[in-house]
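Structure record follows, encoded as structure tokens.
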Amino acid sequence: MDIRAMLTVILVMAPFGGAILCIVLGSSKAIRSAIVLATGAVLIVSALMLAPLVPFRLSAATFLGVDLHRIIQVADVALLLIILYYGFKHRQLTVIVLAALQLGLTIYLEGFLVKGPLPVERIFCDHLSLMMVLIISIVGSIICFQAIPYMENHEHHYHVMRSRQPRFFFVMLLFLGGMNGLVLFDDLVFMYFFFEMTTLCSFLLIGHDRTTIATRNALRALWMNSVGGAAFILGIIAAYHETGSLGLQKILTPWLAGSGVYLLALALLCLAAFVKAAQFPFQSWLLGAMVAPTPVSALLHSSTMVKVGVYMALRLAPGFTGTLLSQSVAVFGAFSFLAGAALAVGQSNGKKVLAYSTISNLGLIFACTGLNTAESMIAAMLLLAFHAVVKAMLFLSVGAIEQHIESRDIEDMRGLYAVMPLTALITVSGVIMMIMPPFGVLLSKWMAMEAAAQNLYVIVMVALGSALTVIYWARWAGTLMSDPFAGRFRPEHQPALTWLALGPLCIGSALLSVGAPWLYLRMIAPMMMGPYSPAYAFKAGGLENAYGTFAILPLSVVATLGLVVAAVALKRAFRAKIVSPYLSGLQTGEPSMFRGPMNQSVKAEAKNYYLDTIFGEARLTDWVNLGGGILLTLILGGAL
Amino acid sequence: MTETAVLILCGLIAGPVVGGLVSGLDRILTARMQSRIGPPLLQPFFDVVKLLAKEPLVVNVWQAFCAYCYIAAASIALVLFFLQSDLLLIFFVQAVGAVFLVVGALSSTSPYSQIGAHRELLQILSYEPLLVLVVVGFYLETGSFKLTDIYAWPHPMLLKLPFLFIVLGYALTIKLRKSPFDLSTCHHAHQELVKGLLTDYSGPFLALTEIGHWFEVVLMLGVCTLFWATSWIGMAVLLAVTYFLEVLVDNVTSRMNWRWMLSYVWGVGLTLSLVNLIWLHQG
């Protein structure tokens, strides 16, 4: 068997195998952990082995002797029936209607529309797929590793009688397999199957705790993503109607661009992508997903689920270069970037800040996709990779913090450095990596801004959103480092697997940032074909094009020097005299206390600005949904 | 190679020296407007040297870290400017310094520092989009973000970007900590917030923030020179007029609150930028 075929099978099937083992043998903690660790290890190794082999196309006609298309057909119908079952179980009319609609459309497509033998060259793995596989397999596995101690604590905390962890890890691993399937297959029907699978998995994971609110939010995620699923299958039908093909690469051949139905098909697929990526007005499912255990949020936000959306948009982009559809996607994305950042400013709930920041960053990726130039596509792909790693790290840190202080409110994290020095430091480095040069997220934002400068709508919104982004991150970092003074640095106690997840993510994302030029040369430049050309030259350790230059390596060296100097200053500051904060000269001996009226001790307190009257959810959500809705109409209508 | 080294050295020296002199001139000019004589020109240097010699006192050790990060970022930004790098990149690097200054203030629990830090964040929120749009204006005119290309442009930029120059003026006023935008901290006595953002920085660390500020002032004035980069006289006149107006505005306006700042600066600034950008885009 061809090694590429073998790796593809492993990447998709190994998680399924691991998932089933979790259900069958997973009642003992040791065995379950071993299965999860082994599956993760297999995924990481296979993904790394795949790296030198791309790009390739493979035919996939049969699996274990059965026609593969038939398997997917059956599985697809089964999946929709399961969703229908959950719809009936929870008496959720929207879910029932949407699932029935999708079922009908699937049967129509498979039974009546698709005729004749289908081409079997179904596996397509280029550098974009590879990048996704690497993110899913490495970051996703690391999140699963951290979930092992987390879920143990979680069930302990909630006094769960009969452990539901086998089911939890079953779904987590299934999710990874489904994601790998989605990015490795080129056949739209296969993609649709895996797309629906991620919908179902996220439903099961969000509802994992079975509280009323968890079930309600899970159902919301289910129906919203079913809207995406319905748009997806409609898109497939329209695309097949127009091109007579189910292979995405074939469909995207540029000679078709301009035809109305064809663009409508792409617009519908984009709509499916927006729902998955929780863009406005579909953001509420991702915010509701917060009730799930934190590893689930980490998985949904960084390496899976929402990344399906941006992956699809990046895939489809060559199909709509130079159309109104492309432009409206750019404006829509920029709007999401701005609105997400604005809403994040108004939040004091740490996980919500992270969620809005995800929506906002994905919006920027969509904006870049819509701008559809070589520069902007490069920015989009870099942002995709860097965001996945840094966001995973931030979510896992917040998960660790939450289990320790039993709150996810930023105000409660005041002075966290005194309690959990190492986790606080990792969180702060995550924040720094989100907003500061020379780190990768900012590098991609720089590229995005330079690529967007020609488009006034986009650049204005990106400029405003970028300033808002700085606010909510800086505020959070400062709060973590706030007094009381901690004395000597002693790392707190955490399970080994937590450090094993946070450490590599932190160091990895820093190294990845320094290695950004090579990441570009190795992973992205080969992708720049067709309407795109490799836009940046590697010069003096940085990336440069005709109108901009970002000296990554020199800047990294200088930044490291600055960091060393600052760290030495920090070390010396431990020897400096520690004084109490200024309280108009009325401080008593105790921290933050001052002598108030009647000689009473009063505690001086200040809270962060959240600017609720301007950026609060109550104030903005309706308007933002309206804006998102209008722009979506523009996208769908503009396609026609 | 030698040229690069010389430019780096120039940046590192020009920051504190020119920045300190500008600060001294500013104090004399302000004094004259208030019918005082004012301190000697070199007074800012004496002040900083005195602060540097003081015993280091910290509220929280992270303050020291943040003060060093601030001055590092501010000096790197200015050096990048001297090396004629990418304007947007320089902007991002200076933003690093601004953020660290805020984080350092937030690391103290004193309400003065905390509120000062949040006001500083709102100031950043006000001027950042405007600076980006000014940079975009340069790009639309010259087709490049690189300073080498912008300085090589044969026509004075002010003639094509007049509104963006006014917009830069707003950002400059905020950056220079001048009234009516000196909400977080300023060089005059602050009645309601003590020294705001800088309340709990003291001794050598306060000196570092002051030197970092000089670097930033020189950088911002450098950006101003881009508007008349074709002749030295043009640059000098433009700078003199701009700075004089800054001091004048500082002395004739009173401090406003952040709501007014945000709505006013975004309202007027964005409108002016848009008008100018559309002009460039269509022209």
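Since this is a predicted model, take the numbers as computed values, not measurements. The sequence lines fix the lettering, A, B, ..., with proteins before strands; numbering per chain opens at 1.
Between B/W260 and B/Y264, the ring planes are parallel. Angles under 30° get that label, and only those over 60° would be called perpendicular.
Heavy-atom contacts from other residues, nucleotides or ligands closer than 6.0 Å to OH of A/Y547 number more than 12.
Only the side chain of B/V132 comes within contact range of chain A, with at least one heavy atom under 4.5 Å from a heavy atom of that chain. Proximity to chain A (any heavy atom under 4.5 Å) is restricted, for B/I76, to the side chain, taken from C-beta onward. For a residue to count as touching a neighbouring chain, one of its non-hydrogen atoms must lie under 4.5 Å from one of that chain's; by this rule B/L89 touches chain A with backbone and side chain alike. Interface remark: B/L121 contributes backbone and side-chain atoms alike to the contact with chain A (heavy atom separation under 4.5 Å). In this structure, no portion of A/L480 lies under 4.5 Å from any heavy atom of chain B.
The candidate from A/A467, A/P438, A/A606, A/A452 with the greatest count of non-hydrogen atom pairs under 4.5 Å with chain B is A/A467. Of all the listed residues (B/L106, B/L80, B/D86), the one sharing the greatest number of non-hydrogen pairs under 4.5 Å with chain A is B/D86. Of the listed residues A/R475, A/K445, A/K571, the one with more heavy-atom pairs under 4.5 angstrom with chain B than any other is A/R475. Note: B/S110 leads B/S110, B/G143, B/S273, B/A105 in heavy-atom pairs under 4.5 Å with chain A.
In this structure, a donor-acceptor pair under 3.5 Å is absent between the side chains of B/Y201 and B/E210.
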